[in-house]
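As structure tokens, the structure follows; a few thoughts come after it.
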Amino acid sequence: SADSQPYRSAYHFQPPNNWMNDPNGPMIYKGIYHLFYQYNPRSAVWGYIVWGHATSTDLVNWTIHPPALLPSEPYDINGCWSGSATILQDGTPAILYTGIDSKNNQVQNLAMPKNPLDPYLVEWVKSPHNPIMEPNSMNKINSTLFRDPTTAWLGNDERWRVIVGNKREHHIGTALLYTSTDFVCWTEAERPLHSSNETGMWECPDFFPVSNAKHVLKASVFRSLVEYYTVGTYDGETDIFIPDEGSVDNESGLRLDYGKYYASKSFFDSEKKRRILLAWVNESTSTNIDIMKGWSGLQAFPRKIWLDKSEKQLVQWPAEEIEKLRTNQVKLPITTLKAGSLLEVSGVTGAQADVEISFSIPMLERAAEVFESSWRNPQEICSQRGSSANGDLGPFGLLVLASSDIQEFTAVFFIIFKKNSKFVVLMCSDQKRSSLGLDYDKTTYGAFLDVDPVKQNLSLRTLIDHSIVESFGGEGKTCITARVYPTLAINDKAHIFVFNNGSQHIEISNLSAWSLKQAKISSTEEHDKSL
Ligand code: DQQ
């Protein structure tokens with residue numbers, strides 16, 4: 001029940017119990033969305049890994065099917081790890097996944113649907129040709145650093161291409177490239193699609209077109225559990241990806257999310273002509289607590305993702321289907337938020353809500369504090385200042401999952417600085433005060449937001465769901481996800497406030513908030529017992 005399990009999510013996908021990590025093989029097939037996920041059916045801790053499987057018609061409500069892939073053969077007997085789905089030319093979907101073989105080597109395997117006429121694709125058959133890619137004495141690939149094949153793409157030469165995550169000597173994060181004419185027999189290309197010498201192992205790479213001219217390459221960096229992406233150009237003839245000038249190619253580059261967000265994977269939704277992004281959001285608590293509550297890990301709410309007008313970065317926004325869950329809209333007229341003020345957004349269920357707010361700053365030119373040129377790390381600035389520091393323009397924003405007496409809260413806010421004749425906007429998510437009870441990782445997150453407050457209002461959208469807070473600044477230009485475990489601000493005792501701890505007044509130009517209903521997550525059968 002919600003009382004004994006206050007941290008379970010209402011509309012972020014999670015199985016009824018046990019461990020979940022990376023999203024795998026997302027796709028749409030015959031009008032049905034498929035989400036597979038790294039799942040341990042035996043416990044709330046990572047270990048015995050199978051491909052959990054759920055389907056949906058709207059990315060909101062999910063039906064859980066029996067696992068699609070279980071360790072069963074010498075080439076995957078120690079685990080069915082991450083991978084992707086590709087729709088082949090005849091319309092049949094194929095899964096490429098990493099198997100941990102009987103010698104604990106990482107190899108890539110192929111699986112095909114048993115019955116392609118079944119839109120739910122409940123049964124999968126592993127290829128008799130498996131493994132289809134393996135490390136061997138010839139290719140010098142480290143057999144423990146070779147995993148997570150992407151969705152494959154077809155070149156003009158009718159050859160399939162796929163990349164696989166790898167680390168080479170001297171910590172070179174690498175996207176190995178393989179090609180094939182029949183999807184079964186794969187050859188390693190002469191050179192990788194791309195690599196970066198400053199990152200270490202690349203897990204769960206993703207590579208996709210975002211416009212006619214640009215591609216995005218994303219890598220999940222194991223050593224820091226941080227993902228970054230670069231925007232660049234891909235030459236389909238030479239199979240070389242070149243990052244655009246200024247698109248930093250390591251963890252200090254652009255991130256899909258500046259909070260907790262890992263092993264993300266996107267797919268093209270051919271029905272709604274959009275790209276959808278999924279990701280694993282792990283717990284911030286200890287393994288002991290995971291075992292006690294019987295589960296671990298959430299999927300971020302599916303996001304639509306596209307290239308910003310500037311062509312320099314991606315923009316993300318919760319898939320529009322979330323609006324189905326909205327109820328009891330609360331609106332605020334234009335309101336002045338004086339220095340030091342706090343305003344409750346009442347009338348919505350604070351533990352399950354969608355809040356959209358935008359601010360306009362009347363005294364912008366006069367007010368802003370100077371941005372020091374030595375400040376390089378936005379997360380550090382957020383962390384040092386926090387939400388209660390009295391700045392000049394900000395901190396202002398939202399307190400969510402807040403107790404009525406403001407003892408507990410998670411603060412998502414902006415601070416505006418002046419830099420020469422321009423402004424720098426910082427977006428922060430501060431978890432320091434998120435819980436009085438539990439001891440867990442309360443790291444503050446922060447990032448710059450590329451919005452000019454002279455020309456545009458500063459907007460913030462926050463999705464609140466019991467123990468997860470997903471925030472989208474500047475209409476999706478900067479995203480921050482956090483996990484929090486309040487002890488007072490749970491269920492109907494969770495409140496939402498707007499605050500301004502700056503010394504200048506600002507204006508709320510727009511505020512709409514909704515309660516969000518519970519999504520339906522059901523299982524087709526009680527299959528966990530047999531595993
Ligand atoms: N999780 C999987 C791996 C992947 C890692 C194992 C990323 O395939 O590299 O559960 O979280």
Side-chain angles (χ1 to χ4, degrees), residues 14-15 18-26 35-53 67-71 75-85 95-101 104-111 130-135 141-151 162-168 173-176 199-207 218-229 251 255-257 259-266 277-284 287 290 295-300 481 483:
Q14 59 176 158
N18 295 323
W19 169 272
M20 172 176 67
N21 56 303
D22 318 351
N24 292 152
L35 163 66
F36 303 89
Y37 46 92
Q38 294 281 288
Y39 179 55
N40 181 354
R42 296 175 177 168
S43 104
V45 187
W46 186 87
Y48 169 76
I49 295 293
V50 310
W51 272 44
H53 183 197
L69 298 171
L70 296 165
Y75 54 75
D76 68 6
I77 196 68
N78 285 312
C80 296
W81 287 15
S82 286
S84 307
I95 283 176
L96 292 174
Y97 71 99
T98 299
I100 307 301
D101 76 6
N104 277 320
N105 290 326
Q106 298 173 1
V107 299
Q108 317 315 322
N109 300 316
L110 170 67
N130 285 341
I132 49 155
M133 295 169 214
E134 57 185 323
I141 293 170
N142 182 323
S143 67
T144 62
L145 303 168
F146 179 50
R147 55 182 183 268
D148 311 337
T150 60
T151 297
V162 73
I163 58 175
V164 181
N166 174 234
K167 184 183 99 169
R168 291 189 300 181
T174 303
L176 294 173
T199 61
M201 176 65 187
W202 280 2
E203 298 189 315
C204 299
D206 199 5
F207 183 59
K218 185 272 308 182
S220 304
V221 178
F222 178 64
R223 67 169 182 207
S224 55
L225 293 187
V226 156
E227 297 196 306
Y228 76 89
Y229 69 88
E251 292 132 295
R255 290 171 54 180
L256 292 169
D257 192 295
K260 273 211 159 185
Y261 200 85
Y262 196 69
S264 70
K265 195 173 287 291
S266 69
L277 178 74
L278 302 162
W280 168 42
V281 184
N282 73 348
E283 304 299 312
S284 289
T287 303
D290 291 353
W295 59 273
S296 178
L298 299 176
Q299 295 296 324
T481 298
R483 296 298 309 276

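Just so you know, ligand 1 is whichever comes first in the structure, and atom 1 is the first atom listed for that ligand.
Near Glu203, with a cut-off below 4.0 Å to any heavy atom, the atoms of ligand 1 are 4 (C), 5 (C), 7 (C), 9 (O), 11 (O). Of all atoms in ligand 1, listed by their number and element, those nearer than 4.0 Å to a heavy atom of Ser82 are 2 (C), 8 (O).
Residue contacts with ligand 1: Trp46 is placed with a nitrogen or oxygen under 3.5 Å of a nitrogen or oxygen of the ligand (distance criterion only). Here's the thing with Trp81: none of its N/O atoms is less than 3.5 angstrom from an N/O atom of ligand 1.
Contacts of Asn21 with ligand 1, taken as heavy-atom pairs under 4.0 Å, involve the side chain alone.
The backbone N or O of Ala219 sits nowhere less than 3.5 Å from a side-chain atom of Glu227 that would complete a donor-acceptor pair.
For the 3.5 Å distance criterion, the side chains of Glu134 and Tyr75 fail to qualify, holding no donor opposite an acceptor. In summary, the side chains of Asn282 and Lys260 do present a donor paired with an acceptor at a separation below 3.5 Å, with no hydrogens or angles considered. Using modelled atom types and a 3.5 Å distance limit, the side chains of Ser82 and Asn24 yield a donor-acceptor pair.
Considering only heavy atoms from C-beta on, Gln106 comes within 4.5 Å of Ile100 through its side chain. Annotation: side chain of Val50 is not in contact with side chain of Cys80 (no heavy-atom distance under 4.5 Å).
Of all the listed residues (Leu225, Asp148, Ile49, Leu145), Asp148 holds the heavy atom that lies closest to atom 3 (C) of ligand 1.
Taking a 4.0 Å cut-off on heavy atoms, Phe222 fails to register as neighbouring ligand 1.
Residues passing the side-chain hydrogen bond (donor to acceptor under 3.5 Å, both in side chains) test with Ser296 are Asp290, sequence neighbours excluded.
The shortest contact between atom 10 (O) of ligand 1 and any protein heavy atom is with Gln38 OE1, 2.7 Å. The single protein non-hydrogen atom nearest to atom 1 (N) of ligand 1 is Asp22 OD2, 2.7 Å, given as residue, atom name and distance.
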